[in-house]
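Notes for the one structure printed next.
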Amino acid sequence: KGALLCLTILILLAVLWLGPVLMIFAFGDTEKVVAYQGQTLIEVDDGFMDPHWSYYVCHGPLVRGRERVYEDYEPLVHS
């Protein structure tokens with residue numbers, strides 16, 4: 001009985017800790033590199049329930065600009 005109770009508590013704690021961590025990755029911002037008017041931009045869908053796109057200048061594969069270049073509720077480039 002004690003082992004089953006211990007196992008149940010461990011599983012419950014793992015689910016309560018891993019669940020939110022995995023949700024961060026599942027529902028995090030999605031980023032995509034797009035080309036618009038000769039400029040390479042990073043498209044970020046930062047809306048939760050409603051779509052909302054923000055665009056940043058691309059400075060390389062791991063670096064994006066700090067300031068938003070453009071934002072709208074419709075994407076600049078439809079894929």
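Not measured: the values here are computed from a predicted model.
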Listed by chain and number, what are the side chain to side chain contact (heavy atoms under 4.5 Å, CB included) partners of Leu13, not counting sequence neighbours? Ile9
Between Leu76 and Trp53, does a side-chain contact (heavy atoms from CB on, under 4.5 Å) hold up when you go through it step by step? CA-CA 9 Å; Leu76 284 177; Trp53 283 271; over 6 Å; no
To the nearest 0.5 Å, what is the distance between CZ on Arg68 and OG on Ser54? 4.0 Å
Output all residues satisfying side chain to side chain contact (heavy atoms under 4.5 Å, CB included) with Val34, sequence neighbours left out; order by chain, then residue number. Lys32, Leu41, Glu43, Tyr55, Val77
Do you know which two heavy atoms are closest between Tyr56 and Glu67, and how far apart they sit? CD2-O, 3.5 Å
Exercise: identify the closest heavy-atom pair between Pro51 and Asp45: CA-OD1, 4.1 Å
